[in-house]
Amino acid sequence: MSHWALGAVVVCGAVACRHEPREPPVVPGDMAWVTTTDDPRQWEAAGYIELTTPVRPPTTDDGTAHIVVELKLPAGTVLRLLGTDPLSFEIPVGTSAARVEYAGTAHAPDQPIEASWRILDVRQFDWTADGIDCTVLRPDGDQLVGLRWRCGEHTDARAGELLATFARDGRFAGPRGMTGRERTAHRLRLVNDCRTCHQFGRAEDRRITALVQRGTDTAGLFSLSSVFRDEDPVERYRPVDTNAGDRTMIPVCPGTEIDVPSARCRDGLRPRLRIDVAQGMRDRSAHVVQLCATRRKLAARLDPPGRDAIRSALADCGPE
């Protein structure tokens, strides 16, 4: 636990960590077994900033999946601007970024995180002096358990195999029986190829076949730069678009026109969505209010060139 507490999701002195109900598994020396609380609000309590993006993440058919990205910067540090195309920042050592998927309130994409929500999955990056650590956490009773390792193509693959083994052994909450466990194991192994999606400076991909469409910044992150954009593709890694019916969202096709019947661009690509921040603030849209709150919090942690680069995005939000 001491290695985990140095710079990951939870500092055990601030949020009580719970004991494992059984002995931890044996893992390779370059990896660590992690156990921590299942408190759904632990990131807020630990000082993370929730990164609300202009285009909401997708959800499941029942509307209960909530995907939230959290960012914590070390005290006294700033994000230093590296470039504007894509908008990219130097990530300070000691930074943590966590993608958390919850089972929460159905069909309420702008609902704040509730104490009753269940954590389904955590994917985290931690920047250290020697590189970036990856962590995957899954529920197990009243706690989260999982694996931490140094990110890399080879180690990601090895970690994926181990996570699959843990799923088959029933160490994670999920479907009962070997068939259900095998499905979970297969999915964990597939989605653990972290760098396929989180490539450094990955280009936007709006093809119909693309599952993840947004581009990344030079640190391999999606949401940090998305926060300051008014236009992004709609992601397709869950079946339901949570932006449908929002009048502040306008479909656009860069360089061409939209074919209304098919909701596709005439060049065969998927449209982006453009958010009307000013209209959303006039309407007091919960989503836009949350987006602007994120922009203001991050703006306070940018260097002067960074604040200049996002000036127009911040101006759209109006006065606090």
Side-chain angles (χ1 to χ4, degrees), residues 50-69 85-87 99-111 120-121 187 190-191 196-199 201-217 221-292 294-295 312-313 316-317:
E50 182 178 329
L51 301 186
T52 300
T53 53
V55 179
R56 301 176 184 90
T59 188
T60 44
D61 287 323
D62 63 4
T64 60
H66 293 253
I67 296 168
V68 177
V69 176
D85 188 21
L87 184 66
R99 176 194 182 276
V100 188
E101 183 163 356
Y102 296 94
T105 309
H107 307 296
D110 304 319
Q111 177 74 28
L120 301 178
D121 184 85
R187 183 176 181 278
L190 285 180
V191 301
T196 295
C197 288
H198 291 278
Q199 298 172 35
R202 175 184 183 271
E204 178 181 286
D205 187 351
R206 290 168 39 238
R207 293 175 300 168
I208 299 300
T209 55
L211 191 64
V212 179
Q213 299 194 50
R214 286 179 299 167
T216 62
D217 61 20
L221 301 178
F222 292 95
S223 296
L224 183 57
S225 55
S226 282
V227 165
F228 296 110
R229 289 197 294 265
D230 289 344
E231 195 175 300
D232 254 339
V234 179
E235 299 294 14
R236 307 287 171 173
Y237 51 81
R238 295 290 181 273
V240 176
D241 177 13
T242 54
N243 303 283
D246 187 336
R247 76 185 192 115
T248 65
M249 295 291 193
I250 305 162
V252 294
C253 291
T256 185
E257 297 178 345
I258 191 167
D259 178 67
V260 176
S262 69
R264 294 180 181 176
C265 301
R266 294 194 184 277
D267 58 7
L269 301 180
R270 292 191 184 275
R272 295 177 182 161
L273 285 180
R274 179 184 297 151
I275 189 169
D276 188 337
V277 175
Q279 180 65 52
M281 289 301 287
R282 287 193 293 271
D283 292 346
R284 301 307 293 170
S285 157
H287 176 59
V288 176
V289 169
Q290 292 165 15
L291 168 64
C292 286
T294 298
R295 288 180 174 182
S312 61
D316 290 341
C317 292

J.: Kindly give the heavy-atom pair with the smallest separation between Pro109 and Thr242, and that separation in Å.
T.: CB-CB, 3.9 Å

J.: If the condition is side-chain contact (heavy atoms from CB on, under 4.5 Å), which residues does Thr294 pass it with, not counting sequence neighbours?
T.: Leu51, Thr52, Val227, Leu298

J.: Who are the salt bridge (Lys or Arg N to Asp or Glu O under 4.0 Å) partners of Arg229, not counting sequence neighbours?
T.: Asp232

J.: With sequence neighbours left out, which residue pairs that include part of residues 53-62 fulfil the salt bridge (charged side-chain N to carboxylate O under 4.0 Å, His left out) condition?
T.: Arg56-Asp110, Arg56-Asp246

J.: Of all the heavy-atom pairs spanning Gly268 and Ile208, show the shortest one and how long it is.
T.: O-CG1, 3.4 Å

J.: Determine yes or no for a side-chain-to-main-chain donor-acceptor pair under 3.5 angstrom, with Thr248 supplying the side chain and Ile275 the backbone.
T.: no

J.: Flag the pair Phe222 / Val212 as yes when at least one side-chain heavy-atom distance between them is below 4.5 Å, and no otherwise.
T.: yes

J.: Could you list the residues that satisfy salt bridge (Lys or Arg N to Asp or Glu O under 4.0 Å) with Asp316, not counting sequence neighbours?
T.: none

J.: Would you give the length of the straight line joining atom CZ of Arg187 to atom CG of Asp121, rounded to the nearest 0.5 angstrom?
T.: 6.5 Å

J.: Using side chain to side chain contact (heavy atoms under 4.5 Å, CB included), reason through Ile67 and Arg99 one step at a time and then give a plain yes or no.
T.: CA-CA 7 Å; Ile67 296 168; Arg99 176 194 182 276; 3.4 Å; yes

J.: Partners of Ser262 by side-chain contact (heavy atoms from CB on, under 4.5 Å), sequence neighbours excluded?
T.: Asp259, Arg264

J.: For Gly201 and Thr216, work out which heavy atoms get closest and say how close.
T.: N-OG1, 3.2 Å

J.: Can you sort out the partners of Asp276 under side-chain hydrogen bond (donor to acceptor under 3.5 Å, both in side chains), two or more places apart, ordered by chain and number?
T.: none

J.: Minimum heavy-atom separation for Val288 and Gly280, please, with both atom names.
T.: CG2-CA, 3.7 Å

J.: Looking at CG of Asp217 and CG of Asp85, how far apart are the two atoms once the value is rounded to the nearest 0.5 Å?
T.: 12.5 Å

J.: Taking only residues two or more places apart in sequence or in another chain, which ones pass side-chain contact (heavy atoms from CB on, under 4.5 Å) with Leu211?
T.: Tyr237

J.: Could you tell me whether a side-chain N or O of Arg270 sits under 3.5 Å from a main-chain N or O of Arg206, the two making a donor and an acceptor?
T.: no

J.: Can you measure from CG (Asp267) to CD (Glu257) and round to the nearest 0.5 angstrom?
T.: 11.0 Å

J.: Under the side-chain contact (heavy atoms from CB on, under 4.5 Å) rule, collect the residues that match up with Ala106, sequence neighbours excluded.
T.: Thr64

J.: Answer yes or no: is there a side-chain heavy-atom contact under 4.5 Å between Cys253 and Leu269?
T.: no

J.: Can you list everything that forms a salt bridge (Lys or Arg N to Asp or Glu O under 4.0 Å) with Glu231? Sequence neighbours excluded, please.
T.: Arg272, Arg274

J.: Taking the side chain as everything from C-beta on, heavy atoms only, tell me whether Leu221 gets closer than 4.5 Å to Val69.
T.: no

J.: Excluding sequence neighbours, so at least two apart, what forms side-chain hydrogen bond (donor to acceptor under 3.5 Å, both in side chains) with Glu235?
T.: Arg214

J.: For Asn243 and Pro54, which heavy atoms make the closest approach, and how far apart are they?
T.: OD1-O, 4.4 Å

J.: For Arg295, enumerate each residue passing the salt bridge (Lys or Arg N to Asp or Glu O under 4.0 Å) test, keeping only those at least two apart in sequence or located in another chain.
T.: Asp230

J.: Mind checking what makes side-chain hydrogen bond (donor to acceptor under 3.5 Å, both in side chains) contact with Arg284, not counting sequence neighbours?
T.: none

J.: Has the side chain of Thr59 got a donor or acceptor atom that lies under 3.5 Å from a matching backbone atom of Val240?
T.: no

J.: Any side-chain heavy-atom pair from Cys292 and Val277 closer than 4.5 angstrom?
T.: yes

J.: Is there a side-chain contact between Pro251 and Leu273 in this structure, where contact means two heavy atoms from C-beta onward sitting under 4.5 Å apart?
T.: yes

J.: If you compare all heavy atoms of Pro233 against all heavy atoms of Gln213, which two are closest, and at what distance to 0.1 Å?
T.: CB-CB, 3.7 Å

